[in-house]
Amino acid sequence: MARIHKTVTGDGFLAKQPTNKTLLDIHRRMVRIRHFEERAGKLMEDGKIPGALHLYVGQEAVAAGVMVHLTAEDQITSTHRGHGHLIAKGGDFDRMYAELFGRSTGYCKGKGGSMHISNMDLGMLGANGIVGGGPPIAMGAAFANKFRKSKHVAVAFFGDGASNEGSFHEAANMASLYKLPAIFVCENNGYGEYTAQANHQAVVDVADRAAGYGMPGVIVDGMDAVAVYEAAGEAIARARKGQGPTLLECKTYRFYDHVGVRGMGLNYRTDDEVKKWMKRDPIKLFEARLAEQKVLSKKQAEAVHAEVLAEIEAAVAFAEQSPMPDVASLLDDVYSTAG
Amino acid sequence: MARIHKTVTGDGFLAKQPTNKTLLDIHRRMVRIRHFEERAGKLMEDGKIPGALHLYVGQEAVAAGVMVHLTAEDQITSTHRGHGHLIAKGGDFDRMYAELFGRSTGYCKGKGGSMHISNMDLGMLGANGIVGGGPPIAMGAAFANKFRKSKHVAVAFFGDGASNEGSFHEAANMASLYKLPAIFVCENNGYGEYTAQANHQAVVDVADRAAGYGMPGVIVDGMDAVAVYEAAGEAIARARKGQGPTLLECKTYRFYDHVGVRGMGLNYRTDDEVKKWMKRDPIKLFEARLAEQKVLSKKQAEAVHAEVLAEIEAAVAFAEQSPMPDVASLLDDVYSTAG
Amino acid sequence: MSAVASETKTRQLPYVVAITEGVREVLKEQANAFVAGEDVAGAGSVYGYYRGLLDEFGADRIYDTPISEKGIIGLGVGAAAAGLRPVLDIMFMDFIGECMDEIANQMAKMRFMFGGSATLPITVLTMAGAGANLAAQHSQSLEAWLAHLPGLKVVMPATPYDAKGLIIAAARDDNPVFVVLNKMSLAMMGDVPEGPYEVPIGKANVVRTGKNYTIVTLGRMLGQALDAAKQLAELGIDAEVIDARSVQPFDTEAVIKSVEKTHRAMVVHEAVRFGGFGAEIAAQIQEHAFDYLDAPVARVGAPFSPVPFSPALEKVYVPNAERIVVVAREQLGI
Amino acid sequence: MSAVASETKTRQLPYVVAITEGVREVLKEQANAFVAGEDVAGAGSVYGYYRGLLDEFGADRIYDTPISEKGIIGLGVGAAAAGLRPVLDIMFMDFIGECMDEIANQMAKMRFMFGGSATLPITVLTMAGAGANLAAQHSQSLEAWLAHLPGLKVVMPATPYDAKGLIIAAARDDNPVFVVLNKMSLAMMGDVPEGPYEVPIGKANVVRTGKNYTIVTLGRMLGQALDAAKQLAELGIDAEVIDARSVQPFDTEAVIKSVEKTHRAMVVHEAVRFGGFGAEIAAQIQEHAFDYLDAPVARVGAPFSPVPFSPALEKVYVPNAERIVVVAREQLGI
Ligand SMILES: Cc1ncc(C[n+]2csc(CCOP(=O)(O)OP(=O)(O)O)c2C)c(N)n1
Ligand SMILES: Cc1ncc(C[n+]2csc(CCOP(=O)(O)OP(=O)(O)O)c2C)c(N)n1
Ligand SMILES: [Mg+2]
Ligand SMILES: [Mg+2]
C-alpha cells in the first residue's frame, strides 16, 4: 500500500498548486481558529467558561487544510479538542462562545459545552468527550453517503492517543471493507494527555496501521497547511471517486497544555521541544509563504487578524449577554417527539 | 518489520528439524484432538451434549504445533472453538467430556460447558464465548510473566473474524508497547461463522496488521504441523528472550460447519473449496511425512489412533456416569470467600 | 388485546417469522432503512430471522458486517445522523458489553448533547434469554442497563404479534429503540396479521384480567405467568397478567390501575433479580399505590449468579411458572 | 463510626490524599500488586491521586497505559488469573462503556464459568459524579450497571476515611471490586488514620442516628443527606442517615433495622433515578419491612436526561439537600 511522506522543502513541491483564493481561505480559517482559542483560553482562566477546555492552538493547519475541501454536506466527526474543527467547517463565533458559556443561544442550547460542540447543518457531527468516539460515527456517515450514491465524504479527526482505541480499529476496517468515502485524519501531536507517543504505542507512524486495513497510509507535515491541503485533497478525491478510505497522519503539536492553557503544570514536555515546535507555528509559516508568493502581504494579513479579533469581541459580548437555558428545558431534547 | 512466509515445499526446508520425539508428540496431540472432536460431534448429534459445539477438526496442526513448545506454566487463551487448544495443552478427556455433558466432574463443574472449558492448572485460561475475548487476557497473563521476571509466555489463539474486534487491537498494541512475552496466533480459517474473510476485512493476510503495532507478522501454512512448529518456536523464543510479541497467522480450514457438524446447512462454502482443503488434512499430511522420514510407520500410526480411541470410549463412559451438579451448588463459585 | 385493528388476514406464525415480517415491512416502507449486523445477509442471522431478505431487497439494503460490535453501533449512529434509518443487529444481547460506549455515550446522548439538532431513528434487534444451554455469555437479559439510559427506548416483545408490531413501531420511531428478542420464544406460535401494523411503544398489555393479584412480566416471562395464573386460580387467586411490553417508556399507569384493583402484585423477569428492572417496577408500585397494597410487591428473577451451562442448573436458574406460584404463595401466605 | 479501631495517629486529610494513601498501603503490603491506567504514572492521574507513587515504588509497580479501556481491564483479568493483584484505573466512570464486555463477561464471570478455579483479586478505581460542568460523558454514576453483575463487588466511599479503608479492603479481597470515587468529593476533608486499616466491604455506616426517618445514601449524597437531616430536624423529623458504602454486597440488614424503627425511608443517589440502584433498595425495603412502613419509600436521583453542561441546568440536575427536603416533605405530607 502506498505510503507517502510529504514535508515542506520550499516552493514548487506541489503537484497542484492551490489557487490564491484557496490559500486565502485556508489562511482565514487558521486565523479564526487561533484567535478564537486564544480568547477562549483567557475566558476560561478568568472563570467565565466552566468545565474543561481543550485548545486547538498549534494544530490549525490540519483543520484548515482539510476543511477547505469540504462543503456543509460533507460530514466530519471531531474530538474533545473540537473548536478548531467546527470553526474550519464554518462555525459561527456567536453560537460557539455562547455554547462554551453554557447559554441557551449556543449551538447545543448550552447542553453540550466545549466537549460536545456540534452543528448538524454544517455537517459537524460533534466534538466528542470519548476518545475514539468519532471514527465509527464518521464511518457511518460515509456509509450513508455511499448508500445515497452521493459524492459526499465523511472525515474523522482523531489523535495519536485515540488510534489505540478499539473503536478506531473497527471503524477503519469497516470503512475499507465497504470502500466507504471516509478519511481518517490522525492529528499526531505526540501526546495523549501527558503520555508521550513512545509510551502509548510501539510505532512512530500511526500511518503504519493503514496497511492492516487495506487502505493507503499517508504522512504529512501537519504544520504546513499546503502540504495538508494537498494530501487531504488526494484522499478526499479518492473517496469521492469511490476508491475508499485513506488514513492521513498529520504530524503536529499543541502549543498549550492538554487541558486549558497551563493545564496541571506537569513537566512532561521539555521547554526545548515546545520551543522547537513553536518555531514552526503553522500560521507564521503560512503567512511567510503567502508573503513570499505575494498572495498576502504582511499588512493584509494583519487586517485579517484585526477583522477576526473584532468579530470575536462581538461574539463574546453576544455570549455574555445571552440568557442561561431555562431550567424547564432540562428534559427537552432527550427524545424526539416527532416520529 | 519482518514478514515471513512459510509454505511446505518438501523435505529439508526447515532451519531446525524437530527431534523425533517432538514429532511424535505433535502427532499424538493432533490425533487426540481429532478423535475427541469427531466423537463430540456424534454425541451432540445424538443429543447427549447440549448447547453449542464448535469443532476444531481441520485445524489440529495449529494447536499441536504451538502447544508442543509450552509447559503448564505458559498460559494460553482460547476461543469458542476451544477443545483442541485444551487437549493440546494437556487436557484430560474424562474431565473434558464431563464438562461438555454438563457434569459435576467436568473441568468447570458443569458450569462452563464447551464455550468456557478451561483449566487453570494447565495454564489454559479458558475457551471464550466472546469473539476477541482472549487477546486482552493473554496480554495480561504475559504482563504477569514479565512482572515476575519469569521466562513464561502467553499465547492468544483467535480467528480471522476476531481480528476485527477492538479487543485484539488494544491487546496487540499494549503487548508490543510493554514488550510482553505474548504470541498472537491467528487461526485464519477463511470464515467468521458464515462470512468469508473477503466480506469481513479488506486484507488477505491478517499478519499485515502486525506492522501497525511494531511487531513481526509471520504467515505460516496452518495445515503443516512442522511449519507451525517452527514459526511458533521462533516467536516463542523471541518472547522468552524479552524481545516482545509476534503475530503469527496460520492459514487453515475447519472441516465441519461453524457450529456442530453440519451446522445450519447453509451453502456458504463450495464443495470444491472444502474438498481442496480436506486433501490437505493436517494429520494425513503429517503422517505421510513421518512415514517417509521413517519416524512413524503406517502401522505405528494406527496404533496411536487405536489407543486414543480406547481412551475416548472410557472417557465418554466416565462422563455419562458422572452426576449432574447438585442444584445447591448453583451459587457456589460466584465469589471467592477466601480473601 | 391489540391496540391496532387490522382488516387484513391473520395467520398463525412462529415468533421467528414474525420478526422477519416486521423487518420486511420496514424495508418496504422506508427507502432509507437498511439492515446491518453479523451474518444477517448471507446467513439471514444465526437464528434465521432475516432469511430471504437479501434475495428480496438486495445487497444494498442488508449488510453483513465484520465481528465489530462497536463498528455496528457506530455505523448506525453515523448513518442515522446523516439521515438514514438503520436497523442494526447485535446477535446476542450479551455482546452489548462490546459496544456500551457507542450505545450509552453516543447513541443515547447525541440528541440531548447537541441541543436537539440530531435525530437518530435507529432500531436495534438483539437476542436475550437463557434456557438453551448456551452458558454465561450467550444467555443474559440486560435490559436494566439500557432502561437506565435516558435517550433510549427499550421494548421486549413476548409474542409473535408483538414482535412484528413492535419492530415496525421501533423503526417508525425517530428515536433509538432496542427490541429485545428472546431465543426461547422463536418457535412460539401466535396470530400475526399480514401487512404493516404497529404495537405502540410504551403501552403495556393486559393479557389476562383478574381481580385480586397483579403479575407484571417482561418478555418471555409472560407465558410462564399465564401458566402460573392458571395454577393460582385453583388456589382462589384470580391474577391479572400484564405484559409490560416496553421498559422504557414504562407504562406505570396500566400497572398502577391494576394494583389499585387487586391490592397485591408481583414482577417477573428473566434477568438477575438483584438490580434488575423489576426493582424499578416494584419501587414504582409502592410509590404510587402504597395505600392500596395489602402485601409487599414480590419480585421473581434469576438468582445472583451468571447463567450456568449444565441443564441441571440452568433448569432451576431460569424463572418459571412453578417458581412464580411458590413465591406468590409465600407472599400471600397461602 | 469506624469498624476498625486504630492505635495510630489520625490526621485531617482531603479525600484525594486518602485515595493516594490507600493505594500506597496496597503497594507496600502486596508485592504482587501494581497500578495500571491512563496517565496514572507520569501524571499521577488527572486528579492527582496517584501522585508520588511512581517515585516511591518505581516504574515496575505503576504503569501508564495507552487509551485502551478494554486493554486495561483485559490486562487486569489476565494478570490476576496469572496470580497478580492488579489495581486498575478507569479515569472516568463514563468510560466503562468501552470495556463493559471485559468487565461483565470476563472479569465478573470467569470464576463461576471456570467452576471456581480462577481467582481474580482485582481492584478498579474509577471517578463518577456530576457537578464539575463536564457534561454528559464525564459525569455519570453508573453503579447500577455493575451492581446487577454477579461476581463483582461495588463500593462507593463517601468520606476520606472510607476512601482509604475501602481501597485497602478492596485490594485485600480476592474478588474483583469496583471502588467508585466521586470527583466532587476530592477536596473534602476528613479524619484519616495513618497506616493500613480496612473498612469492611458490605457493611453500611449509620452516620447519624435518628428516630423517625431513614435516609439511605450512596457515595457523595451522604453529605447532602446530612445537611437535609439538619433541616428536617427543624420540621420535627429526626432522620437516621445510612451511608450504604457498598452496593454489592448491599447491607440490607442495616437498612431494614433502621426502617423498622423509623417507619419511613428515602433513598438518595446521584445516578439517574429511573432504573437506578435506589430502585433495588426501595424494593428491598418494602419487601422486608412492609408492615413497618407508614409511607412509601421515596427515591431521590437525577432526572431522566443525560447530564447537561450548562451550570444553570446542572445545578438543578444533581440531587442536593434542598431536593431531599422537598421530597421528604411531600412524602410525609409536612
Ligand atoms: C474513552 C476515553 N478514555 C480516556 C479519556 C480521557 N482523555 C481525554 S483526552 C485524552 C487524550 C487524547 O489523546 P489524543 O487522542 O492524542 O488527542 P489530543 O488530546 O492529543 O488531541 C484522554 C486520555 C476520554 N475522554 N475518553
Ligand atoms: C463479541 C462476539 N460477537 C459475535 C459472536 C458470535 N460468533 C461466535 S463465533 C463467531 C465467528 C468467529 O470467527 P473467527 O474469529 O474467525 O473464528 P472461527 O469460528 O472461524 O474459529 C461469531 C461471529 C460472539 N460469540 N462474540
Ligand atoms: Mg495526541
Ligand atoms: Mg475464522
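Below, read A as the first sequence line, B as the second, and so on, with proteins coming before strands; counting in each chain starts at 1. Note that the structure is predicted; figures quoted are calculated from it, not measured.
Contacts of D:S45 with chain A are made by backbone atoms alone, with heavy-atom separations under 4.5 Å and no side-chain atom involved. For A:L266, the part lying near chain D is the side chain, with the backbone staying farther off; criterion is any non-hydrogen pair under 4.5 Å. Neither the backbone nor the side chain of D:F92 has a heavy atom closer than 4.5 Å to any heavy atom of chain A. With a 4.5 Å cut-off on non-hydrogen atoms, A:D326 touches chain D through its backbone but not through its side chain. Looking at A:Y268, neither its backbone nor its side chain comes within 4.5 Å of chain D, counting heavy atoms on both sides. For a residue to count as touching a neighbouring chain, one of its non-hydrogen atoms must lie under 4.5 Å from one of that chain's; by this rule D:A132 touches chain A with the backbone only. Contacts of A:L53 with chain D are absent, with no heavy-atom separation under 4.5 Å from either backbone or side chain. Contacts between A:E193 and chain D at a heavy-atom distance below 4.5 Å involve backbone atoms as well as side-chain atoms. For D:E314, no part sits under 4.5 Å from any heavy atom of chain A, backbone or side chain.
The residue from D:E143, D:R220, D:Q140, D:M184 that alone fulfils the side chain to side chain contact (heavy atoms under 4.5 Å, CB included) condition with D:E270 is D:R220.
Taking the six-membered ring where the residue is Trp, the centroids of A:Y97 and A:F318 are separated by 6.0 Å or more. Ring pair D:F309/A:H116: centre-to-centre distance not below 6.0 Å. Side-chain rings of D:Y49 and D:Y15 stay apart, their centers remaining 6.0 Å or farther from each other. The aromatic ring centres of D:H148 and D:F277 sit 6.0 Å or more apart.
Interface check for chain D: of the options A:G102, A:S104, A:G106, the most heavy-atom pairs under 4.5 Å are formed by A:G102. Of the listed residues A:D333, A:V259, A:N128, the one with more heavy-atom pairs under 4.5 angstrom with chain D than any other is A:N128. Counting heavy-atom pairs closer than 4.5 Å to chain D, the top-ranked of the candidates A:S329, A:G192, A:P325, A:A52 is A:P325. Contact tally against chain A (heavy-atom pairs below 4.5 Å) for D:L134, D:N133, D:V307, D:V316: the top residue is D:N133. Counting heavy-atom pairs closer than 4.5 Å to chain D, the top residue among A:L331, A:I130, A:D332, A:N267 is A:I130. Top candidate by heavy-atom pairs under 4.5 Å with chain A, chosen from D:S68, D:P306, D:A136, is D:S68. Among A:V131, A:N199, A:L330, the residue making the largest number of heavy-atom pairs under 4.5 Å with chain D is A:L330.
Comment: A:K48 engages A:E320 in a salt bridge, judged by a side-chain N to carboxylate O separation of less than 4.0 angstrom.
In A:D46, the CG atom is crowded: over 12 heavy atoms of neighbouring residues, nucleotides or ligands sit closer than 6.0 Å.
Counted by atom type alone, D:R299 and D:H269 present zero donor-acceptor pairs between their side chains at under 3.5 Å. There is no side-chain donor-acceptor pair under 3.5 Å between A:H54 and A:S114. Between the side chains of A:H200 and A:Y191, no donor-acceptor pair of N or O atoms lies under 3.5 Å.
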